[in-house]
Number of protein chains: 2
Amino acid sequence: MNRVCRAIAEPTRRRIIDELALRDRQSLFEIYARVVSEHGIGHSRQAFSRHLSVLEDVGIIEMAWQGTTKLHSLNTAPLARLLDGWLSRFEEP
Amino acid sequence: MNRVCRAIAEPTRRRIIDELALRDRQSLFEIYARVVSEHGIGHSRQAFSRHLSVLEDVGIIEMAWQGTTKLHSLNTAPLARLLDGWLSRFEEP
DNA sequence: TGCCTATGCAACAATCTTGTTGCATAGTGC
DNA sequence: GCACTATGCAACAAGATTGTTGCATAGGCA
């Protein structure tokens with residue numbers, strides 16, 4: 001839970017999640033190009049690579065190799081667990 | 001949102017929130033004594049003071065002076081906003 | 001006044017985070 | 001084999017976080 005919270009506490013990582021929610025199974029370069037062009041985030045490819053690693057570590061993203069490209073898919077289970085866990089009691093009616 | 005996520009990404013801070021959810025308007029020393037004794041967290045008073053500052057900064061805690069003691073109360077609105085905002089779309093049925 | 005209580009602030013260290021650059025690796029196709 | 005594409009890894013720097021210790025302040029009470 002600590003790590004899931006930290007993972008989504010980063011705007012760029014939320015953009016990546018948004019992008020994968022729109023279109024699953026994208027490569028690092030696809031995500032990089034789309035997020036940078038649409039939101040004008042001026043970071044390097046490696047910065048994105050690390051963000052993807054963070055998201056993979058906490059299980060929000062799942063990876064599958066296809067030749068030399070690695071396809072990234074969203075797994076919303078950790079986010080659903082976050083909503084359903086400790087946080088849920090602060091829901092408003 | 002970034003800051004609220006970071007704020008609750010800390011176990012000790014969540015314990016503080018839990019403690020204030022049980023009993024509102026507690027002083028620093030009350031919170032400190034209860035959380036340490038109940039959860040065996042071996043941190044100093046100043047560490048708690050800083051955690052309380054972080055929670056105040058993001059609006060989860062509100063403060064009111066009463067003589068020399070500062071009473072801390074919970075404001076769940078930022079947490080409710082978190083649940084209702086970007087995160088909400090990942091809710092499971 | 002002098003002491004006790006409750007708190008804040010400043011300085012410091014250790015660790016984590018986030019970004020960069022440069023190089024390495026591993027398929028793919030000519 | 002050679003270049004191109006897609007990615008990973010290591011080293012480094014800047015800044016934030018989290019903790020500590022020591023001292024300061026401000027109100028309450030004998």
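In what follows, chains are A, B, ... by sequence order, proteins preceding strands, each numbered from 1.
Residue Ser53(A) is classed as having no contact, given no heavy-atom separation below 4.0 Å to the nucleic acid.
Distance, Glu30(A) CD to dT5(D) C1': 13 Å, rounded to whole Å. Atom CE of Met63(B) is separated from atom P of dT7(C) by 10 Å (rounded to the nearest Å). For the pair Gln66(A) CD and dT5(D) P, the computed distance is 19 Å after rounding to whole Å. Leu52(A) has its CG atom 16 Å from the C1' atom of dT17(C), to the nearest Å. One can place CZ of Phe29(B) at 8 Å from C1' of dT5(C), the figure rounded to the nearest angstrom. Distance CG (Leu71(B)) to P (dT5(C)): 18 Å, rounded to an integer number of Å. Rounded to a whole Å, the CZ atom of Phe48(A) is 17 Å from the C1' atom of dG8(D). Protein atom CG of Leu55(B) is 10 Å distant from nucleotide atom P of dT18(D), rounded to whole Å.
Using a 4.0 Å cut-off, some side-chain N or O of Ser44(B) falls inside it from OP1 or OP2 of dT20(D). The side chain of Arg6(A) contributes an N or O atom lying less than 4.0 Å from OP1 or OP2 of dT17(C). At the phosphate of dG8(C), OP1 or OP2 sits under 4.0 Å from a side-chain N or O atom of Ser49(B). Distances shown here put a side-chain N or O of His51(B) below 4.0 Å from the OP1 or OP2 atom of dG19(D).
The shortest heavy-atom contact between Thr69(B) and Ser27(B) is CB-CB, 4.5 Å. What you find for Cys5(A) and Ala9(B) is that their closest heavy atoms are CB-CB, 3.6 Å. Glu91(A) and Leu83(B) make their closest contact through N-CD1, 3.5 Å (heavy atoms, listed as atom of the first residue, atom of the second, distance).
The side chain of Arg50(A) lies closest to dG19(C) when the candidates are dA6(D), dG19(C), dT20(D). Taking every side-chain heavy atom of Trp65(B) into account, dG8(C) is the closest of dA6(D), dT20(C), dG8(C). If you check dT7(D), dT20(D), dA6(C) against the side chain of Ala47(B), the one that comes closest is dT20(D).
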Query raised in the report: For every nucleotide of nucleotides 22-30 of chain D, 5' to 3': is a protein heavy atom under 4.0 Å from its base (B), only from its sugar-phosphate (S), or from neither (-)?
Result: B----S---
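Salt bridge annotation for Asp18(B)-Arg89(A): present, with a cationic side-chain nitrogen under 4.0 angstrom from a carboxylate oxygen.
Ring geometry for Tyr32(A) versus Phe48(A): interplanar angle over 60°, hence perpendicular rather than tilted (30 to 60°).
A heavy atom closer than 4.0 Å to some atom of DNA chain D occurs in Ser27(A), Leu28(A), these being the qualifying members of residues 9-28 of chain A.
Here the side chain of Arg14(A) pairs a donor or acceptor atom with the backbone of Ile8(A) at under 3.5 angstrom.
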Query raised in the report: Yes or no on side-chain contact (heavy atoms from CB on, under 4.5 Å) for Leu71(A) and Met63(A), after CA distance, side-chain angles and deciding distance?
Result: CA-CA 6 Å; Leu71(A) 297 178; Met63(A) 317 264 206; over 6 Å; no
**Report entry** side-chain contact (heavy atoms from CB on, under 4.5 Å) evaluation trace for Arg25(B) with His72(B)
**Finding:** CA-CA 5 Å; Arg25(B) 296 179 65 80; His72(B) 305 75; over 6 Å; no
Report task. Test Glu56(B) against Glu62(B) for side-chain contact (heavy atoms from CB on, under 4.5 Å), laying out the working first. Result -> CA-CA 6 Å; Glu56(B) 190 196 13; Glu62(B) 283 166 354; over 6 Å; no
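Checked against Ile16(A) for a side-chain contact (heavy atoms from CB on, under 4.5 Å), the options His51(A), Gln26(A), Arg34(A) give a single hit: His51(A).
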